[in-house]
S.K.: 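Before I ask anything, let me first share the structure, which is written out below as structure tokens.
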Amino acid sequence: MVRVVADAIPLYAAERVDATVDVLRSIARVVDRHRYVLGTEVAAFESAFADYCGVAECVGVANGTDALEIALRAVDVGPADRVVLVANAGFYGTTAVRSIGAVPHYVDIDSRTLTMSPTAFEEALASRPSAVVVTHLYGRLASIEPITAVAATRGVPVIEDCAQAHGAAHNGSRAGSFGTVGCFSFYPTKNLPAIGDGGAVVTNDPALAKRIRQLRQYGWGAKYQVDTQGGRNSRLDEVQAAVLNDRLPWLDTWNQERRSIAQSYVRGLGGMPVGVPPSVGSDSVAHLFVLEVDDRDRFRDDLREAGVATDVHYPIPDHLQPAYAEQVSFSLPVTERACRRVVSLPCYPGMSDSQIAKVIDVIGNHFAMARA
Ligand SMILES: *Cc1c(COP(=O)(O)O)cnc(C)c1O
């Protein structure tokens with residue numbers, strides 16, 4: 001039986017974000033100036049976003065995956081070098097590693113946080129990696145401080161993947177300020193969304209920032225003068241930067257809305273047989289609200305039928321992706337189990353209390369029926 005659901009709840013809804021800031025005015029500012037690439041909007045955004053993250057430098061790039069690739073090149077990762085990373089974070093880090101011809105060295109995740117296990121990272125140092133990519137998954141900071149402490153003893157650069165964690169903080173320090181370099185995406189579903197693709201690389205190291213600026217634009221040190229190998233064209237454009245400039249002042253408000261939705265979920269789902277995030281405090285900006293459930297297909301079917309959208313972030317671990325899987329001779333038990341169990345609930349600024357209550361209700365009904 002398929003019922004038509006009038007007040008369906010989507011997984012993401014951008015309306016609130018769009019209603020808060022009039023993007024047509026942001027765009028008009030750029031069009032009036034006739035300057036579309038690397039102009040005043042990008043410069044202003046780079047400075048404002050560096051301040052927001054609490055770092056010295058920010059370099060706008062075309063998207064989050066490019067940010068990761070450029071960051072890896074900037075810290076001198078080259079072909080055949082090994083890069084440590086997790087396999088449950090959507091293949092973005094792996095895309096960047098592979099595009100350089102470097103080799104991913106996957107380590108398992110912690111079963112509670114679903115982010116890189118610091119112990120697994122420490123063990124991976126034996127393979128002499130050239131860098132580690134730490135992903136702050138679902139909006140929550142990974143165990144970044146223990147990992148950076150261990151990495152520092154071996155001189156391994158730490159690349160933070162902050163594409164889901166704009167503004168997540170621990171002891172007053174924000175995502176992107178812990179490692180050697182931080183990478184961001186402004187894809188339209190992220191916590192700080194552009195109206196297309198966009199990304200940024202942040203760092204406290206001025207020499208690295210200079211290299212990153214060269215790498216994003218053909219390797220140029222000056223116009224038409226190539227000072228750095230491995231350059232490409234990956235620029236944040238003025239229209240995206242204008243929108244981001246106008247939205248950045250709202251980021252903390254939107255993050256707080258997401259966090260309070262996540263807190264309502266944690267309260268409302270208490271006692272149900274689901275795994276909930278280990279924390280929804282300031283170290284989380286609740287990019288996604290992710291549960292772990294035993295019978296995910298049936299769970300998702302029941303929610304879909306009741307008009308509640310869900311998704312899975314992410315169903316296939318990187319090392320088992322079809323294009324690369326034939327090379328695999330190892331398993332990552334915690335990662336593989338998580339990929340079978342995780343499911344994301346609607347969580348976005350503008351979601352109403354009654355929508356949150358409905359999602360909790362529908363989940364309660366699912367488990368009541370499952371018991372019956
Ligand atoms: C979205 C995302 C990226 C990639 O960003 P794009 O701008 O889409 O290239 C990288 N890492 C994580 C964790 C992401 O969620």
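Both counts, for ligands and for their atoms, begin at 1 and track the order of listing. The chain is numbered in sequence order, starting from 1.
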S.K.: Whether the T203 and E57 side chains hold a donor-acceptor pair (N or O, under 3.5 Å, no angle test) is what I'd like checked.
M.R.: no
S.K.: Does ligand 1 have a heavy atom under 4.0 Å from the side chain of T65, from its backbone, from both, or from neither?
M.R.: both
S.K.: Any atoms of ligand 1 less than 4.0 Å from a non-hydrogen atom of N63? List them with their elements.
M.R.: 7 (O), 9 (O)
S.K.: Are E238 and V37 close enough that some pair of their side-chain heavy atoms sits under 4.5 Å apart?
M.R.: no
S.K.: Please determine, by modelled atom types, if H313 and Q164 share a side-chain donor-acceptor pair under 3.5 angstrom.
M.R.: no
S.K.: Considering heavy atoms of the protein only, find what lies nearest to atom 11 (N) of ligand 1 and give residue, atom and distance to 0.1 Å.
M.R.: D161 OD2, 2.7 Å
S.K.: With a 4.5 Å cut-off on side-chain heavy-atom distances among I, L, V, M, F, W and Y, is there a chain of contacts connecting Y314 to V334?
M.R.: yes
S.K.: Does an N or O from T135, backbone or side chain, lie closer than 3.5 Å to an N or O of ligand 1?
M.R.: no
S.K.: Can you tell me which residue and heavy atom of the protein come closest to atom 3 (C) of ligand 1, and the distance to 0.1 Å?
M.R.: Y92 CG, 3.5 Å
S.K.: Counting both backbone and side chain atoms, is some N or O of G64 under 3.5 Å from an N or O of ligand 1?
M.R.: yes
S.K.: Flag the pair R304 and D301 as a salt bridge only when some basic side-chain nitrogen lies within less than 4.0 angstrom of an acidic carboxylate oxygen.
M.R.: yes
S.K.: Can you confirm, on distance only, whether ligand 1 has an N/O atom lying under 3.5 Å from any N/O atom belonging to S185?
M.R.: yes
S.K.: Decide whether the shortest distance between a heavy atom of K190 and an atom of ligand 1 is less than 4.0 Å.
M.R.: yes
S.K.: For the pair D7 and K358, find out whether any cationic side-chain nitrogen is under 4.0 Å from an anionic carboxylate oxygen.
M.R.: yes
S.K.: Based purely on interatomic distance, does Q164 place a nitrogen or oxygen under 3.5 Å from a nitrogen or oxygen of ligand 1?
M.R.: yes
S.K.: Looking at E41 and R35, does any basic side-chain N land under 4.0 Å from a carboxylate oxygen?
M.R.: no
